Amino acid sequence: RPRMAMDSGQPSAPTPPDVIRYVPPGALVKRSEAAHPERNTSLIFLGLKIKKISQRLAAPRRGCFKFFEVQLGDALREEYNTWTEEGMARLMRNASVFLSVHKGCTMPSQPLESFRLSALLSYKALVISESAYAQDEKQYEGLVDFMHVYQVPVKYREYMAMDGRTRAQIATRRHVEFARRFAPERLFREAGVYKALDAFRSR
């Protein structure tokens, strides 16, 4: 209900709501990049297939990765112990295509794993992602392959049917567009960060 002014007993003007500005992770400068080898290229998942999460999310996640294991076998690779730039550089020497799924797999309306995408696209990797919240997908349109989890093995095999050079060319085009679209300066400008800082300094 409206607050009452202490001196007049009249409702005071409503307090303006806080403005929260979402700024997605920007493009990063990396000293290494995905090598896109010709053969023996796994579909790499950065994380644990089965992790300690709520029962509501755990059941669909188990079913999701069981499907991937049946369809892909040893081609699906779990990578959880890579935390440094040096570790990522080693990983990228034999990397080409990465998998991104939500904590609760097969729940396509969930937010996108944007921090993971920022790193992978900056390394010039190809990313196949489970479908996500529509507005999030729109931001990465043309940069990431979005689809239902049941379509992931088909897309992975499409990439494996290409030679390494072709995959590298696709990844490079996406990287260039990602760097343009997600340049930190551009993200801050579009979010109004610079204007907000100017207004703060002029107080």
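Quick note: residue numbers are just sequence positions, from 1. If you're wondering where the values come from, they're calculated on a predicted model, not measured in any experiment.
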Side-chain donor/acceptor of Asp136 to backbone N/O of Leu112, under 3.5 Å = yes
Kindly indicate whether the side chain of Phe178, heavy atoms from C-beta on, has any atom under 4.5 Å from the side chain of Ser118.
-> yes
Above 12 or not: heavy atoms from other molecules or residues under 6.0 Å from CZ of Arg39?
-> no
Is the shortest distance from a Lys or Arg side-chain nitrogen in Glu141 or Lys138 to a carboxylate oxygen in the other one below 4.0 Å?
-> no
Report the distance from atom NZ of Lys155 to atom CG of Asp145, rounding to the nearest 0.5 Å.
-> 4.5 Å
Do the non-hydrogen side-chain atoms of Ile170 and Leu126 ever get within less than 4.5 Å of each other?
-> yes
Leu121 side chain near Leu143 side chain, heavy-atom distance below 4.5 Å | yes
Consider only side-chain heavy atoms of I, L, V, M, F, W and Y, link residues closer than 4.5 Å, and tell whether Val101 and Tyr156 are in one cluster.
-> yes
Whether Arg181 side chain and Gln139 backbone form a donor-acceptor pair below 3.5 Å | yes
CG-CD distance between Leu76 and Glu78, expressed to the nearest 0.5 angstrom = 8.0 Å
Quick check, are the ring centers of Phe68 and Phe65 under 6.0 angstrom apart?
-> yes
When every non-hydrogen atom of Ser96 is compared with those of Pro37, the smallest separation belongs to CB-CD, 4.5 Å
Which atom pair, heavy atoms only, marks the closest approach of Gln71 to Pro153?
-> CB-CG, 3.7 Å
Is there a side-chain contact between Val144 and Phe146, using heavy atoms and a 4.5 Å cut-off?
-> yes
Any donor and acceptor pair, going by atom type alone, linking the side chain of Glu137 with main-chain N or O of Ala132 inside 3.5 Å?
-> yes
Considering all heavy atoms, the nearest His148-Ser131 contact | N-OG, 3.6 Å
What closest approach, in Å, do Pro60 and Cys105 show between heavy atoms, and which atom pair accounts for it?
-> CB-O, 3.3 Å
For the residue pair Met160 and Arg167, establish whether any side-chain heavy-atom pair is separated by less than 4.5 Å.
-> yes
Would Arg174 and Glu177 pass as an ion pair if we require N to O under 4.0 Å?
-> no
Looking at Leu28 and Ala119, what are the two nearest heavy atoms and their distance?
-> CD1-CA, 4.3 Å
Short side-chain donor-acceptor distance under 3.5 Å, Thr82 and Glu79 = yes
Between atom NE2 of His36 and atom NZ of Lys124, what is the distance when rounded to the nearest 0.5 Å?
-> 9.0 Å
Just checking, is any N or O donor in the side chain of His102 or Glu113 under 3.5 Å from an acceptor N or O on the other one?
-> yes
Looking at side-chain heavy atoms only, is the closest gap between Leu46 and Leu99 below 4.5 Å?
-> no
Separation between CZ (Arg116) and OG (Ser100), nearest 0.5 Å, reads 4.5 Å
Heavy atoms of Ser114 and Tyr140 approach each other most closely as CB-OH, 3.5 Å
Note, Leu43 side chain near Arg77 side chain (heavy atom, < 4.5 Å) = no
Side-chain touch Val152/Phe67, heavy atoms, less than 4.5 angstrom | no
Ring centres under 6.0 angstrom apart (Phe45, Phe98) | no
Check: Thr166 side chain, Met162 main-chain N or O, donor-acceptor pair, under 3.5 Å = no
Who pairs with Tyr123 by side chain to side chain donor-acceptor pair (under 3.5 Å), at least two apart in sequence or on another chain?
-> Glu85
